[in-house]
Amino acid sequence: MAERFTKADWEREHLLAGFDRLHAKLVEWARQAPAWPPFDEAKGLVARLEPRLRVPEIDLDRALVVGFLGGSGTGKSTLYNALLGRRVSRAGKEYRPMTRRAVVACHPDVDPSFLGLDADSIEVHQIHVPFLEQMILIDCPDPDTQDPEDGEGGRRHLDILRAVLPHCDVMVHTVTSQKYKSHVVGQELRKNAPGRQILFVQTHAAIDHDNRADLRKYLDSLGLRVPEIYRFDAADALARQESGEPVDDEFGRFRDLLEHELASRARHRIRRANLLGLYSWLLSAIKTPIVARLEDVAKLEASMGRERTRMASKIGARMNERIDSNHRLWRSRVLRQLNQAWGAGPLAALIGLWSAAGSLVRSLILLRARTPTQAVLAGGLAASQLVAEKWRERRAASALVAEADLGLTEGDLAAARAVLQGYLADAEIQPAATPEAGGDFSNQQLAEVAVEVYQRLDAEVNEVVERRIARRAGRSVHLFFEVLFSLLPAFLVLRLGRNFFIDHLWNDRPLLGLDFFFQSAFWCLAWGAAVGGLLLHWLNRGLDVELKAVVDRLSRAPILDALCRDAADACAAIRAHAVALSAIERDLSQIEDKVGGVLDLGLGALRAEPRQALPHEAGTTIPDAVPLPNAVETKPTRVTLS
């Protein structure tokens, strides 16, 4: 009968998938990191620790590895023997120089070969002790002992220690009241703390005073979380067991923790907590230099902003001069666009007549010709005037481009580049230089960019004029001004009608003469000029402000983008990649919420610092750097949870 897939199985696989996703995201994040020293360091960290990021969850049913770490004379080997209830590891008072090889105690059914240590480095004792079925105890070499007989420089025992500790799930750190501030021991403890749980023991309780308060301060200075420090006399516990007497309560409580909690019920929890602790430490170690160096990136971005603003102000000033010197051109465009938008109407016809005034004058000259010679001369004069007018109009319309000048020189760009290079060096950013983005700009290139900018200005001015006419001279405005202009002609027509039909036909009064018609035409033209002037004033009011806004936008010329593009792209890539690391941290937090911790067991560990925020997030302090933990060279294997 097939085994049912229970809810616990589903939760286990779901958690497994979470670990797999976290691992894949972190490895992929490191692989895609832009070229930048903090990211390069992070890539190296991930590459070195990548095997351990998966190994702690492999084969959860294998025995828990507990390593004993302490300076010479701290009772480490005596405690090791007391837990086993027999003298397996030779204590310092019996053998000098202390523990020279890793002493491994395991059950005969447990194969310690997964430790990957050669026969010369370890001394294996297979002992029939029940709790060793699920736990391996390793008495590690003393890190503060040197023996000239042991390898080059007498440091072979230290090499063995550093080969053993990465395989440990739990470290038991032993000290005495006289010897608890050993720099070498503290360095090894701190280096191997990431991803491991720690038990702290003060031995020699029968002869030494209680020094746990000072020990706690020292351990805290190393960045370790210390929930509990056990204090007992291991030598007394071993002697009592050998004589068949009961051990003291403190030692019994410590032994029960190892035998009944760590070796059985908490084994899986410890490995999961170790894995999460290693991830947490790794992300903190990665993010610490990133947060610190993002300040240099911010300075570079601020420098780019200042240089862009400085050059944009020069470009804007020059373009504003050109805008102010071409008011006639903008107003003629408004008038031309108004004629196209309005079409028919008395006032529209009058405005069109104004626009065609030059052509009308030329036609009158032709009408005055009496002979063919005069007609040819008049036609030539009219044609030359037409050509001259078109040339002036074309010259005014293309003046922005024909005389394009950004107000920048090669020296301005060279100075800006020099400033940016200094900040690039401080931030250790080396953007990939391209011919169009990182090279020197010649006067010819400056002129080409200027032509492009002023062409865009000319096009955007036309768009501004079209929008103003559509917004300010719509149908209702057209109707209003047509009615306003028609008031005087309508009144004069009524006056003529009254004179003819009433005054002349009924009252025999004389008709109005030609002078009335000439005066009426004059006042109609004057009234039309007044109404048209009011209309054009309404349309042109605020035009300068809109044109200056266009100038302000276009003053950030493409040349500025080309000057800063590579540096800006590099800064953007760095910030985006740093933000991506925050997403990995959120995934880790979600898994931590599901897995839980082991604080209830009294296990110490590397203190979890508040996760640092990026500059765009809430501010926080940067913790001290933690030494790189040793890595275990192991082939990645499928993670299995239980």
Side-chain angles (χ1 to χ4, degrees), residues 327-370 374-375 378-379 381-383 385-386 388-390 392-393 396 464-544:
H327 282 168
R328 180 179 179 182
L329 175 60
W330 317 136
R331 284 166 172 72
S332 65
R333 289 187 179 182
V334 170
L335 184 60
R336 184 171 63 250
Q337 183 64 28
L338 181 65
N339 285 330
Q340 295 176 358
W342 275 16
L347 182 60
L350 182 60
I351 293 176
L353 186 64
W354 288 346
S355 300
S359 300
L360 180 62
V361 171
R362 286 188 292 273
S363 64
L364 292 177
I365 293 176
L366 288 173
L367 291 176
R368 294 182 62 187
R370 296 290 183 268
Q374 291 177 342
L381 177 62
Q385 290 178 343
L386 177 62
E389 181 179 343
K390 292 296 183 183
R392 286 192 298 270
E393 182 180 353
V464 169
V465 171
E466 292 176 2
R467 288 196 301 268
R468 289 183 70 86
I469 295 301
R471 186 174 66 251
R472 294 195 171 194
R475 292 184 179 180
S476 58
V477 175
H478 184 194
L479 178 62
F480 172 78
F481 277 95
E482 290 287 359
V483 171
L484 183 63
F485 170 71
S486 301
L487 290 178
L488 180 58
F491 172 76
L492 293 176
V493 169
L494 290 176
R495 179 71 179 84
L496 287 172
R498 177 183 175 83
N499 175 255
F500 180 81
F501 290 105
I502 298 178
D503 294 340
H504 178 68
L505 294 179
W506 294 94
N507 299 326
D508 294 328
R509 293 181 181 178
L511 294 173
L512 296 175
L514 291 177
D515 58 339
F516 176 81
F517 289 95
F518 287 122
Q519 293 183 31
S520 297
F522 170 77
W523 287 112
C524 283
L525 290 176
W527 176 245
V531 174
L534 178 63
L535 172 62
L536 293 178
H537 175 74
W538 159 254
L539 294 178
N540 289 317
R541 189 178 66 179
L543 178 61
D544 290 346

Quick one: CG on Leu543 to CZ on Arg541, what's the gap to the nearest 0.5 Å? 12.5 Å

Gap separating the CG atom of Leu494 from the CZ atom of Phe491, nearest 0.5 angstrom: 8.0 Å

Whether the side chain of Trp342 engages the backbone of His478 through a donor-acceptor N/O pair (distance < 3.5 Å, no angle test) should be reported. no

For Asn499, is there any backbone N or O sitting under 3.5 Å from a side-chain donor or acceptor partner on Arg509? no

Chi angles and distances behind the side-chain contact (heavy atoms from CB on, under 4.5 Å) call for Trp527, Leu484: CA-CA 10 Å; Trp527 176 245; Leu484 183 63; 4.0 Å; yes

Rounded to the nearest 0.5 Å, what separates atom CZ in Phe485 from atom CG in Leu534? 13.5 Å

Smallest heavy-atom separation, Trp538 atom then Val477 atom, equals NE1-CG1, 4.4 Å

Quick one: do Val531 and Leu488 satisfy side-chain contact (heavy atoms from CB on, under 4.5 Å)? Show the steps, please. CA-CA 11 Å; Val531 174; Leu488 180 58; over 6 Å; no

Work out which heavy atom in Pro346 is nearest to a heavy atom in Glu482; give both atom names and the distance. CD-OE1, 3.0 Å

Can you confirm whether more than 12 heavy atoms, excluding those of Arg475, are under 6.0 Å from its CZ atom? no

Over all atoms of both residues, closest heavy-atom pair of Arg468 and Asn540: NH2-C, 3.9 Å

Euclidean distance, Phe517 CZ relative to Cys524 SG, rounded to 0.5 Å: 11.5 Å

Nearest 0.5 angstrom please: Leu496 CG to Arg498 CZ, how far? 12.5 Å

